[in-house]
Each structure stands twice: as C-alpha cells, then as structure tokens.
**Q** 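The structure that follows is given in the form of structure tokens.
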2 protein chains.
Amino acid sequence: MEKFDAELEDVYVFKLVRAAQAFKQYAYDALAKKGIDVTSDQWVVLKKVSEEPGINQRELAKAIYKDPASVTRILDVLIKKELIEKRQGKDRRIYEIRLSLRGEKLVEKTLGVAVDIRKSGLEGLSSEEIQIFKKALDQVFKNYSG
Amino acid sequence: MEKFDAELEDVYVFKLVRAAQAFKQYAYDALAKKGIDVTSDQWVVLKKVSEEPGINQRELAKAIYKDPASVTRILDVLIKKELIEKRQGKDRRIYEIRLSLRGEKLVEKTLGVAVDIRKSGLEGLSSEEIQIFKKALDQVFKNYSG
DNA sequence: AAACAACTATTGATATATCAATTATATATT
DNA sequence: AATATATAATTGATATATCAATAGTTGTTT
C-alpha cells in the first residue's frame, strides 16, 4: 500500500539528477575559465586512460560505467582534439588507448583544477556528512544497478 | 597547494553522476515493466504539469531545472504520445501546458510505481543517513549552481 | 502609429546516453 | 581447412543537455 506521493522538489532522485547536472555544468565552466576545453565526461575518460595507459575500449567503458558506444564517441572527440591516441594491438579488434603528449600535459594541468572543483561542491558539509553522502551514493548506485 | 588527487572510483562527483545515471536506467526499465513508456525526464515534466496545470514552458523549465530548449523537445515527444496538450493563451507567445486525459490516467498509474522506484534506491540506508543524503544533495546543488 | 526593446518558444549544432544492428577479427568445432 | 560462434568496436536511431540564433508577440517610448 503506497501511502504518499511527494512534490517534485522533495524527491531525492530529483535532487540527485539535478545535482549531477549542476556539477557537469559547473565543471565545464570552471575548466573553460582555466583554458581547459573538456567536458566532465571527456575528463573521466582522460583520467582513466592516464591511470591505465593502453587500456582498451571495452575495459575503459566498464571502468567508467559508460556504454561502449558512448566511449567510441567520446574518444572520437578527444582524438580530434589530439589528446588521445588509438593503436591496434596484436588482436586487431582491439585498440589500445593512450594519452598523447598533449593529453598528458592537459591531464597534469587539470588535476589540480579538478580537486578544486570537487572541494567547491562540498562546502558547508562536515566530514561526517561527506562520509555518509559518499556511502549513500554508493548504496543508491548499487540498488539501482543490481 | 593541492595535496592529493584520487582514483576515479573514489571521487564523489563520479559516484554522483554514476548514481544519477543508474537511477534513470532503473526507472526506465521499471516503468517499462509496468507498460509505462516514459523516461524519467518525461516523467518529471508530466508530474510538474500535473502539479500545475496550465503552466507555461518558461515556468516549467525553471521549476524542473531544465533548459527551455530541452522542455520544448520533451514536450514534442509527450505530445506525440498524446499525453500532453498545448494551448495558446491570450498572450500568443505563451502556451499553456496541460495533461491530456490519457496523460492524467498515466500519471495516476505511474505515481505508485514512482514511489516504489524511489524506495528501492534507498534500501540499506537508515533514515538518518537519508536525511543527510538529501541535505548533501541540496548543498552540492547549491554550491554548484551559485 | 512607428521604431525599438523585451520576452516566449523554436531550431540548429554539438555532446552524451541507450539500444540494436553491423563490421571486422579471433576462436572453437567439426 | 571450413563453418559457426564469440568478441571489439562502430554506426544509426532516438532522447536529452547546452548554447546561440531566430521567429513571433507584446510592450514601451517617443
């Protein structure tokens, strides 16, 4: 028996989606302000590739929880920006993904900005609240991806 | 001076975006399973219009934190599905948005499912944690939309 | 009233997401 | 070896997001 409905504003999933969207926009603007022309989704790819140079697209997609089709298209953009390089491995179905020199420089430059962006988002929250926040995000993700 | 960087997996904004995405997918599938063919974004529009029949697109966009252009396109889809009706008001720049009969029935049918979907996402969290979670989502949103 | 300014909605361009279908290659089976 | 199956990546279709430009209306100002 369902007891209640709620106004949109009070619904946590609404808040969740809204916060995620606001973050993406804020991040894009903050990076642009530093002359860094990448979206947060492109950044996720760049960061993961810098953590695991030579990773292939399937693994990359899995690691960042994106569809392989999305990864293909994000890589297209990053290759056009000359931040990423694709090389065929022995298995010619597979591409090894690496940062270009330019990509490496950009990642270096961006790391600090990314830290600042994250910090800005948490202002006004205690470390206990932040702990619980992260835990809740993980739990919600788990509940919704099972 | 930035002290540290972190692996993607540990970054809360990554968790945030990932949870939001997982929710959208889960919601879509759960609704589809009940024979309800709307995305969570379409649902947000339908819900808001049911809360404020006759609302115009500008107000609607503001209320649900979407770009007016996005609202136009979501409405296009909902009109094609015959769930929404647009009527011109006296001011002929403005459209009054209303649910169709079919839209009203769908909203009725969907409300309960939506409650269940939200509940599923919170399993394993205490009400204190949920309170803090909501507060954190609001704070992050505020920090990122200022 | 005419010219200009302000406002609502739409459209086009680009980025991303999902799903289904396709291509190319590799592996397994007979 | 030839055929069938599996895997990696791409592509096309549709939905949504942002931004910029435009179209249609209304309001203002002279």
Side-chain angles (χ1 to χ4, degrees), chain A residues 17-32 37-46 54-81 83-84 86-97 144-145, chain B residues 17-32 37-46 54-81 83-84 86-97 144-145:
Chain A
V17 169
R18 178 175 79 170
Q21 202 63 45
F23 156 69
K24 286 193 180 193
Q25 194 55 39
Y26 181 95
Y28 182 75
D29 294 343
L31 292 173
D37 173 36
V38 295
T39 66
S40 69
D41 293 297
Q42 289 164 21
W43 169 246
V44 167
V45 169
L46 291 168
I55 193 173
N56 69 48
Q57 296 182 214
R58 208 185 112 279
E59 294 294 339
L60 180 53
K62 189 179 295 182
I64 63 180
Y65 300 90
K66 287 182 188 297
D67 191 291
S70 297
V71 170
T72 293
R73 276 149 187 153
I74 294 173
L75 287 175
D76 285 346
V77 175
L78 292 174
I79 289 167
K80 199 165 295 165
K81 292 182 179 175
L83 299 170
I84 282 282
K86 263 159 94 166
R87 255 176 269 167
Q88 267 187 331
K90 287 164 219 169
D91 184 336
R92 303 224 312 278
R93 290 170 302 186
I94 290 175
Y95 292 99
E96 298 169 4
I97 312 299
Y144 279 142
S145 58
Chain B
V17 169
R18 176 175 79 170
Q21 201 65 45
F23 156 69
K24 286 192 179 193
Q25 193 56 39
Y26 181 95
Y28 183 76
D29 294 343
L31 292 173
D37 173 35
V38 295
T39 67
S40 68
D41 294 296
Q42 290 163 21
W43 169 245
V44 167
V45 169
L46 291 167
I55 193 171
N56 69 48
Q57 296 183 214
R58 207 186 113 279
E59 293 295 337
L60 180 53
K62 190 180 293 182
I64 63 180
Y65 300 89
K66 288 183 188 295
D67 191 290
S70 296
V71 169
T72 293
R73 276 150 187 152
I74 294 173
L75 287 175
D76 285 347
V77 175
L78 292 174
I79 289 167
K80 198 165 294 163
K81 292 182 180 177
L83 299 170
I84 282 282
K86 262 157 96 166
R87 257 176 267 166
Q88 266 187 330
K90 287 163 222 168
D91 184 336
R92 302 223 314 278
R93 291 169 300 186
I94 291 175
Y95 293 98
E96 298 169 4
I97 312 299
Y144 279 141
S145 58

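By convention in this document, chain letters (A, B, ...) are assigned in the order of the sequence lines, proteins followed by strands, and residues within each chain are numbered from 1. Computed from a prediction, not measured in an experiment: that's the story for all the values here.
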**Q** Would you indicate, yes or no, if D/dT16 has its OP1 or OP2 atom less than 4.0 angstrom from a side-chain nitrogen or oxygen of B/Ser70?
**A** no
**Q** Side-chain N or O of A/Asn56 less than 4.0 angstrom from OP1 or OP2 on D/dA9?
**A** yes
**Q** Regarding B/Arg58, tell me which of base, sugar-phosphate or nothing describes its non-hydrogen contacts under 4.0 Å with the strands shown.
**A** sugar-phosphate
**Q** Between C1' on C/dT23 and CD1 on A/Ile94, what's the gap in Å once rounded to a whole number?
**A** 15 Å
**Q** Look at A/Gln57 and D/dT10 and indicate whether a side-chain polar atom (N or O) is within less than 4.0 Å of OP1 or OP2.
**A** yes
**Q** What does B/Tyr95 touch in the nucleic acid at a heavy-atom separation under 4.0 angstrom: a base, only the sugar-phosphate, or nothing?
**A** sugar-phosphate
**Q** Roughly how many Å is it from CD in B/Gln25 to P in D/dA15, rounded to a whole number?
**A** 14 Å
**Q** Just the rounded figure in Å: distance from P of D/dA8 to CZ of A/Arg93.
**A** 6 Å
**Q** Starting from C1' on D/dT18, measure out to CD on A/Gln42 and report it in whole angstrom.
**A** 14 Å
**Q** Where do A/Ile84 and A/Ile79 come nearest, in terms of heavy atoms and distance?
**A** O-CG1, 3.6 Å
**Q** What integer distance in Å separates A/Arg73:CZ from C/dT18:P?
**A** 12 Å
**Q** Looking at A/Gln57 and A/Thr72, what are the two nearest heavy atoms and their distance?
**A** NE2-OG1, 3.4 Å
**Q** Relative to the 5' end of DNA chain C, which residue comes earlier, A/Asp67 or B/Asp67, by the nucleotide with the nearest heavy atom?
**A** B/Asp67
**Q** Both B/Val71 and A/Lys81 contact DNA chain C. Taking the nearest nucleotide for each, which residue is further toward the 5' end?
**A** B/Val71
**Q** OH of A/Tyr28 versus P of D/dC19: gap in Å, rounded?
**A** 9 Å
**Q** Could you tell me whether the phosphate oxygens of C/dT16, OP1 or OP2, come under 4.0 Å of any side-chain nitrogen or oxygen in A/Thr39?
**A** yes
**Q** When all nucleic acid strands are considered with a 4.0 Å heavy-atom cut-off, which category describes B/Lys86: base, sugar-phosphate, or nothing?
**A** sugar-phosphate
**Q** Just the rounded figure in Å: distance from P of C/dT10 to CG of B/Asp76.
**A** 7 Å
**Q** If you compare all heavy atoms of B/Asp91 against all heavy atoms of B/Arg93, which two are closest, and at what distance to 0.1 Å?
**A** OD2-NH2, 2.7 Å
**Q** Treating B/Lys66 as the side-chain partner and B/Val45 as the backbone partner, does any N or O pair qualify as donor plus acceptor under 3.5 Å?
**A** no
**Q** State, to 0.1 Å, how close B/Leu31 and B/Val38 come at their nearest heavy-atom pair, and which atoms those are.
**A** CD1-O, 3.6 Å
**Q** Would you mind classifying the nucleic acid contact of B/Lys66 as base, sugar-phosphate or nothing, using non-hydrogen atoms under 4.0 angstrom?
**A** sugar-phosphate
**Q** Does a side-chain N or O of A/Gln88 approach OP1 or OP2 of D/dA9 to a distance below 4.0 Å, or not?
**A** no
**Q** Using whole Å, what does the distance between atom C1' of nucleotide C/dA9 and atom CZ of B/Arg92 come to?
**A** 14 Å
**Q** Under 4.0 Å between any heavy atoms, over every strand shown, what does B/Lys90 touch: base, sugar-phosphate, or nothing? Just pick one.
**A** sugar-phosphate
